[in-house]
Amino acid sequence: MNTSRGTAGIPAVNGGEEVKRSLYDLDPGQLEALVAEAGEPPYRARQLAHWLDDRRQPDPRRMSDLPGSLRARLADRFAGAGLTLERHQAGDGGWTHKLLFRLPGGDAVESVLLLYPAGRARATVCISTQAGCAMGCTFCATGQFGFTRQLSAGEVVEQVARVSTMLPELRPRPDAPDHLTNVVFMGMGEPFANPAATWGAAWRLHRGFGLSARAITISTVGLVPGIRRAATEPLPVNLAVSIHAADDGLRDKLVPVNRSWPIAELLAAVRDYVAATRRRVSFEYALMAGVNDGVEQADRLGRLLAPLRVPGSGGHAAHVNLIPYNPTPGIDLAPPSKGAVRRFRDAVAATGVPVSVRANRGVGIDAACGQLRTGAGRPGRGAAGHPPTPPGENGARR
Ligand code: SAH
Ligand code: SF4
């Protein structure tokens with residue numbers, strides 16, 4: 001943990017309190033204290049907040065309407081805080097981008113930008129909430145890597161800011177969207193195992209960055225206390241639950257946390273969530289050949305989820321998202337054939353539950369969901385082949 005930073009602006013790590021590691025971890029009062037310390041009037045703090053939230057610019061050196069002395073002071077003060085872009089990979093003809101950010105303390109996380117052409121005109125960023133993950137799902141690259149540390153709320157928000165400011169230069173064609181439209185908490189880590197940062201970031205993205213709650217999706221492996229909290233949060237973000245199996249025997253093997261919160265308890269929490277929020281929930285199901293792709297699993301899944309209904313309208317509250325498994329080095333699993341995917345989809349649909357197959361994106365650059373891992377996780381470990389790429393106009397494309 002980074003305990004060395006003890007300045008007023010970035011309090012050192014301290015038990016219980018939220019950790020501050022990015023300019024985005026400072027609230028308006030702390031921004032004011034920061035500029036006051038530099039002998040600047042309070043309106044400078046509002047200018048700073050404008051850069052951070054409206055312009056999504058975390059780099060003080062680029063805050064052009066601040067006095068040069070303040071910019072230099074902030075840059076110096078926050079040198080080593082926040083995220084350092086270390087690697088950028090483009091895939092799918094420039095429609096998918098994977099970014100590796102180094103964190104203070106040496107760990108790293110990945111964020112993925114998914115662009116969709118005009119018509120759909122979506123630009124979704126997939127962000128990480130933890131370096132690694134402690135949940136140990138047997139099919140997941142991040143899970144196999146293990147957990148190294150929590151991100152602060154500011155570090156989660158800063159991923160969105162960094163991708164936002166890079167987006168104009170990453171667009172492969174003029175008809176690609178020029179601003180972020182969606183944020184999904186589906187990168188590295190389990191968001192509900194880091195609830196302070198997850199909810200802190202979700203609120204900042206909504207209030208500060210102006211994203212509607214419906215443009216934000218949080219994906220959980222099924223931590224019941226987290227789902228229960230989501231039911232009471234006044235921010236109506238979308239919830240995705242990674243289910244992957246329709247019986248406890250199989251789910252125990254794929255998702256070890258199922259032993260703590262088995263399927264019945266998980267679905268009871270989702271039922272209460274739907275009753276409280278009247279919102280639909282998506283269920284993620286990574287299809288693995290010969291493991292969980294049989295039509296009997298599909299039928300069982302459909303029958304488990306079909307009773308989930310939105311109060312009032314009576315419409316289905318569950319939507320199943322099938323993700324053909326993204327092959328992962330070191331893990332002996334493969335996606336089913338197209339025919340098997342279709343048969344699975346049709347068997348779910350036969351129960352009446354809405355179901356779709358998610359397009360595989362970023363496979364060539366290991367940027368698809370669940371392929372995120374910090375192979376370059378620690379300094380000196382695997383990072384050598386990838387010299388640091390400076391953030392900025394031309395540093396990004398490789
Ligand atoms: N920890 C959270 C969010 C991050 S994982 C969660 O588990 O929901 C994002 C999604 O990718 C999850 O649904 C996860 O199960 C899925 N996933 C992980 N590895 C995968 C792989 N190799 N192929 C396809 N999906 C995968
Ligand atoms: Fe963690 Fe999600 Fe991977 Fe499971 S699937 S190990 S919860 S990131």
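Atoms within a ligand are numbered from 1 in the order they appear, just like the ligands themselves. Position 1 is the first residue of the sequence, and the numbers go up from there. Treat the numbers as computed from the prediction; the structure is a model and nothing was measured.
- Applying the side-chain contact (heavy atoms from CB on, under 4.5 Å) criterion to Thr277, with sequence neighbours excluded, gives Tyr273, Arg279.
- Within the 4.0 Å heavy-atom criterion, the part of Ala286 lying near ligand 1 is the side chain and not the backbone.
- Proximity to Gly143 (heavy-atom distance under 4.0 Å) selects the following atoms of ligand 2: 6 (S).
- Contact annotation: Cys137 has no heavy atom less than 4.0 Å from any atom of ligand 1.
- Using a cut-off of 2.8 Å, one finds that Cys133 contributes an N/O/S atom close to atom 1 (Fe) of ligand 2.
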For this session: Could you walk me through whether His244 and Phe139 pass ring-ring contact (aromatic ring centres under 6.0 Å, His included), step by step?
Result: CA-CA 10 Å; His244 307 311; Phe139 55 88; 4.8 Å; yes
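- Within ligand 1, the atoms closer than 4.0 Å to a non-hydrogen atom of Thr328 are 22 (N), numbered from 1 in the order shown.
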Review point. Under the salt bridge (charged side-chain N to carboxylate O under 4.0 Å, His left out) criterion, do Asp53 and Arg204 qualify, and how do the steps go?
Key: CA-CA 8 Å; Asp53 283 334; Arg204 179 76 174 258; 2.8 Å; yes
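- Close approach to Gly187 involves these atoms of ligand 1, each under 4.0 Å from a residue heavy atom: 4 (C).
- Close approach of ligand 2 to Val221 is summarised as follows: ligand atoms under 4.0 Å from at least one heavy atom of the residue are 7 (S).
- Every atom of ligand 1 with a heavy atom of Thr220 under 4.0 Å away is listed here by number and element: 6 (C), 8 (O).
- With 3.5 Å as the limit, one finds no donor-acceptor pair spanning the side chains of Trp51 and Asp59.
- Taking every non-hydrogen atom of Glu284 and a distance limit under 4.0 Å, the qualifying atoms of ligand 1 come out as 13 (O).
- Using a 4.0 Å cutoff on heavy atoms, Gly189 counts as a contact of ligand 2.
- Per-residue contacts place His244 under 4.0 angstrom from the following atoms of ligand 1 (heavy atoms of the residue considered): 13 (O), 14 (C), 15 (O).
- A side-chain donor-acceptor contact under 3.5 Å links Arg56 and Ser164.
- In this structure, a donor-acceptor pair under 3.5 Å is absent between the side chains of Asn292 and Gln297.
- If you number the atoms of ligand 1 from 1 as listed, the ones under 4.0 Å from a heavy atom of Tyr325 come out as 21 (C), 22 (N), 23 (N).
- With values rounded to the nearest 0.5 angstrom, Asp25 atom CG is found 3.5 Å from Ser152 atom OG.
- At a cut-off of 3.5 Å, with distance as the only test, a side-chain donor of Glu190 or Thr220 sits close to an acceptor on the other residue.
- In summary, the atoms of ligand 1 found under 4.0 Å from a heavy atom of Gly189, numbered by their order in the structure, are 1 (N), 2 (C), 3 (C), 4 (C).
- Rounding to the nearest 0.5 Å gives a distance of 8.5 Å between CG of Leu52 and CD of Gln57.
- Those atoms of ligand 2 with a heavy atom of Met135 less than 4.0 angstrom away are 1 (Fe), 7 (S).
- Screening Leu211, Val183, Leu235, Val237 against His206 for a side-chain contact (heavy atoms from CB on, under 4.5 Å) leaves a single residue, Leu235.
- With 2.8 Å as the limit, Cys140 does not count as an N, O or S neighbour of atom 4 (Fe) of ligand 2.
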